[in-house]
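One structure is given here, and the rest of the page talks about it.
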Amino acid sequence: MNEQVFKPTWESVETHGLPSWYDDSKLGIFIHWGLYSVPAWAEVTWELGGAPSELEWFTHNPYAEWYQNTIRIENSPARVHHNKTYGADFPYEKFADSFTCEKWNPAEWAKLFKEAGAGYVVLTTKHHDGFCLYPSEFTDYNSMNLGPKRDLTGELASAVRTEGLRMGTYYSGLLDWTTYPYPHTGDISKDYNQTYSFSDYSFNQAMELIDKYKPSLLWGDIGWPDKGIRDLPWLFSHYYNNVPDGVINDRFSCDWYDHMTAEYLIGRRSLEKKWEMSRGMGLSFGYNINEGDETVQSGRNLVRMLVEFTSHNGNLLLNVGPRADGTIPENQILRLKDLGAWLKKYGDSIYGTRIWHERQKDTLPNGADVFYTRKSNDLYAIIDNLPPGDTKVKLPIYTTELPIERYDDYPVPIKLKGFFGL
């Protein structure tokens, strides 16, 4: 029995501090995997925040994991596709028969994520469609009862921890389309099941995840039922008492969180409060058969993102969207390996660093960008977009020209040991 340090009050919960492991890790792997991985279909449209209107976003949603909502919208391209491919009377829930995961090897996934240089993994244990990737005591609509008939969350948690990584659980507490049959086409803050029974359901399942898996991250999405806000101090204190170095994000409809979140073009970033960017390698989180190399970010671009976010006090939670059979698309594997190869060579400039409050970025006269990170008394200047052929760089913070080792066209750090400005 753990000592009960935190009480179920906001005053007590808010004494929790951000654990250093999270700030040190910089890179996490997000996994969107579920029944939506069977149709694996969405339009290729915009990044979140780039649509001309909310109606346009939901009708032409590029998120394949939102397939069930999109096909509920009359005459949406996804609805047309669904009717043509599966039939107008084919229910979403029947995709469970084809969510077989027969080629899934959790140990291979975990080894790949470690090779990518990640410090933690977050799995969608229940997305908005309500299907649970673990044997929930509160619903039969889960992966132990249907589809693969396996505890996907438990198997992955074991494999991830074997590789020395931390395991987190994503949980959709506000939206559950098994309890709300109407399509979202605008503001979703009130478009959900607002009964006390649903609020209790979300609370009980979140407590269940804590007790079963002791996740290092309790990753909520969109919000929490209004009728359950007063329950959150009980949920959070139970979590912190069982996982003292656990982390809670800012998507629980309350003022307390360990870190803020951003997603593509929306969300919050801060130099003072830790934040995390979650995004897919392309436009979707769930696997989308319509996305190819033209929309999937290159390894070089992913490195650039990681460098930029790290220098500005952020982490990168980079998503993987596996197929229904449990395999990860080859182009996603290649990107992860590219990112891992760079981190194996230059990870000292990322892992365990903190921001340099003096400045985070410079743009040089030759067009190169410089991002700064610091570790103790050492400063790293990470150079990107250096013109071809240049092997030296003149920084505005340093008096002499410095040599630089090139790594194709990827960003490359220069270490200023014992830098006087720190």
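The residues of the chain are indexed from 1 along the displayed sequence.
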**Message:** Just verifying a value: how many Å separate Y372 OH and I414 CD1, rounded to the nearest 0.5 Å?
**Reply:** 9.5 Å
**Message:** Within this structure, what is the CG-CZ distance for the pair L152 and F99, rounded to the nearest 0.5 Å?
**Reply:** 5.5 Å
**Asked** Taking all atoms of both residues into account, what is the closest heavy-atom pair of S202 and P225, and its distance?
**Response** OG-CG, 4.3 Å
**Item:** Check: D250 main-chain N/O paired with T261 side-chain donor or acceptor under 3.5 Å
**Value:** no
**Request:** Begin from the C-alpha positions of L156 and I31 and carry the test side-chain contact (heavy atoms from CB on, under 4.5 Å) through to its verdict.
**Result:** CA-CA 11 Å; L156 183 62; I31 306 170; 3.6 Å; yes
**Electrostatic pair K26-D23, nearest N-O below 4.0 angstrom** = yes
**Request:** Report the relative orientation of the aromatic rings in F90 and F95; use parallel for angles under 30°, tilted for 30 to 60°, perpendicular for over 60°.
**Result:** tilted
**Message:** Would the distance check show the side chain of S237 and the main-chain N or O of W234 forming a donor-acceptor pair, the cut-off being under 3.5 Å?
**Reply:** yes
**Request:** Using distance alone, with no hydrogens and no angle criterion, decide if D378 and S376 have a side-chain donor and acceptor under 3.5 Å apart.
**Result:** no
**Request:** Please check if any side-chain donor atom of H238 sits under 3.5 Å from a side-chain acceptor atom of D211, or the reverse.
**Result:** yes
**Request:** Could you pull out the closest heavy-atom pair between S199 and D231, with the gap in Å?
**Result:** OG-OD2, 4.3 Å
**Fill in**
Hits for ring pair (Phe, Tyr, Trp, His ring centres under 6.0 Å) against Y264, two or more places apart or cross-chain, chain-then-number order -> F285
**Message:** Would you say NZ of K111 has more than 12 non-hydrogen atoms from neighbouring residues, nucleotides or ligands within 6.0 angstrom?
**Reply:** no
**Asked** Are the side chain of E54 and the backbone N or O of D187 linked by a donor-acceptor pair below 3.5 Å?
**Response** yes
**Message:** In terms of relative ring orientation, are W104 and W33 parallel, tilted or perpendicular, with 30° and 60° separating the classes?
**Reply:** tilted
**Message:** Treating K375 as the side-chain partner and Y351 as the backbone partner, does any N or O pair qualify as donor plus acceptor under 3.5 Å?
**Reply:** yes
**Message:** Assess the residue pair Y36 and D129 against the criterion (side chain to side chain donor-acceptor pair (under 3.5 Å)); give the C-alpha distance rounded to whole Å, side-chain angles, the decisive distance to 0.1 Å, and a yes or no.
**Reply:** CA-CA 8 Å; Y36 44 82; D129 64 357; over 6 Å; no
**Prompt:** Do R374 and E358 sit within salt-bridge range, that is, some charged N less than 4.0 Å from a carboxylate O?
**Reply:** no
**Asked** Going by atom types alone, do Y240 and D258 pair a side-chain donor with an acceptor below 3.5 Å?
**Response** yes
**Asked** Salt-bridged, E102 to R323, with N to O below 4.0 Å?
**Response** no
**Request:** Please work out which of the three classes, parallel, tilted or perpendicular, describes the rings of F58 and W66, given edges at 30° and 60°.
**Result:** tilted
**Asked** So does R354 have more than 12 non-hydrogen atoms from other groups sitting under 6.0 Å from CZ?
**Response** yes
**Asked** Would you call the rings of F138 and Y201 parallel, tilted or perpendicular if under 30° counts as parallel and over 60° as perpendicular?
**Response** perpendicular
**Prompt:** Ignoring hydrogens and geometry, is there a side-chain-to-backbone donor-acceptor pair from N290 to E43 under 3.5 Å?
**Reply:** no
**Request:** Could you grab the distance from atom CG of L302 to atom CZ of R279, nearest 0.5 Å is fine?
**Result:** 7.5 Å
**Prompt:** Relative to each other, are the rings of Y192 and F198 parallel, tilted or perpendicular (30° and 60° limits)?
**Reply:** tilted
**Message:** Checking L318 against L339 for the side-chain contact (heavy atoms from CB on, under 4.5 Å) test, could you report, in this order, the C-alpha distance in whole Å, the side-chain angles of both residues, the deciding distance, and whether it holds?
**Reply:** CA-CA 11 Å; L318 180 64; L339 186 53; 4.0 Å; yes
**Item:** L209 side, atom CG; K212 side, atom NZ - distance, nearest 0.5 Å
**Value:** 9.0 Å
**Message:** Does this structure show an ion pair linking D369 with R304, if we count only N-O contacts that are shorter than 4.0 Å?
**Reply:** yes
**Item:** W57 ring center near Y63 ring center (under 6.0 Å)
**Value:** yes
**Message:** Donor-acceptor check, side chain of H16 to backbone of P244, threshold 3.5 angstrom: yes or no?
**Reply:** yes
**Complete:** Heavy-atom nearest pair, G50 first then L265, reads N-CD1, 3.9 Å
**Asked** Y170 and side chain to side chain contact (heavy atoms under 4.5 Å, CB included): which partner among T124, L317, L123?
**Response** T124
**Prompt:** Do Y120 and Y22 have ring centres separated by under 6.0 Å?
**Reply:** yes
**Closest heavy-atom pair and its distance - L343, L27** = CD1-CD2, 3.9 Å
**Item:** Test of ring centre spacing under 6.0 Å for F419 and W356
**Value:** yes
**Request:** Could you give me the CA-CA distance, side-chain angles and deciding distance for N315 and K274, then say whether side chain to side chain donor-acceptor pair (under 3.5 Å) is met?
**Result:** CA-CA 8 Å; N315 280 12; K274 187 68 184 180; 2.8 Å; yes
**Request:** For the pair S216 (side chain) and R166 (backbone), establish whether a donor and an acceptor sit closer than 3.5 Å, ignoring hydrogens and angles.
**Result:** no
**Message:** Would you call the rings of Y180 and H184 parallel, tilted or perpendicular, taking 30° and 60° as the class edges?
**Reply:** parallel
**Message:** Can you classify the ring geometry of H32 versus F30 as parallel (below 30°), tilted (30 to 60°) or perpendicular (above 60°)?
**Reply:** perpendicular
**Request:** Answer yes or no: is there a donor N or O on one side and an acceptor on the other, between the side chain of S284 and the main chain of A64, under 3.5 Å?
**Result:** yes
**Prompt:** Once you round to the nearest 0.5 Å, how far does CG of N319 lie from OG of S278?
**Reply:** 8.5 Å
**Prompt:** Between G154 and D151, which heavy-atom pair has the shortest distance, and what is it?
**Reply:** N-OD1, 2.9 Å
**Asked** Can you check side-chain contact (heavy atoms from CB on, under 4.5 Å) on R251 and L174, steps first, answer last?
**Response** CA-CA 10 Å; R251 300 188 181 189; L174 186 73; over 6 Å; no
**Item:** Check ion pair D97-K94 (N to O, under 4.0 angstrom)
**Value:** yes
**Message:** Looking only at the aromatic ring of each residue, does the gap between the centers of Y67 and H82 stay below 6.0 angstrom?
**Reply:** yes
**Request:** Output yes when R335 and D293 qualify as a salt bridge under the 4.0 Å nitrogen-oxygen rule, no when they do not.
**Result:** yes
**Prompt:** Mind checking whether F252 and W224 have parallel, tilted or perpendicular rings, split at 30° and 60°?
**Reply:** tilted
**Sidechain-backbone polar pair: S158 side chain, E155 backbone, donor-acceptor under 3.5 Å** = no
**Message:** Given 3.5 Å as the limit, does a donor-acceptor pair link the side chain of S143 with the main chain of R150, or not?
**Reply:** yes
**Prompt:** Should the pair D200-K227 be classified as a salt bridge under the 4.0 Å nitrogen-to-oxygen rule?
**Reply:** no
**Asked** In terms of side-chain geometry, is the basic nitrogen of D408 or R300 positioned less than 4.0 Å from the acidic oxygen of its partner?
**Response** no
**Asked** Can the positive tip of K273 be found less than 6.0 Å from the middle of the six-membered ring of W256, inside 45° of the ring normal?
**Response** yes
**Request:** Please report the closest heavy-atom contact between E291 and L283, naming both atoms and the distance.
**Result:** OE1-N, 2.9 Å
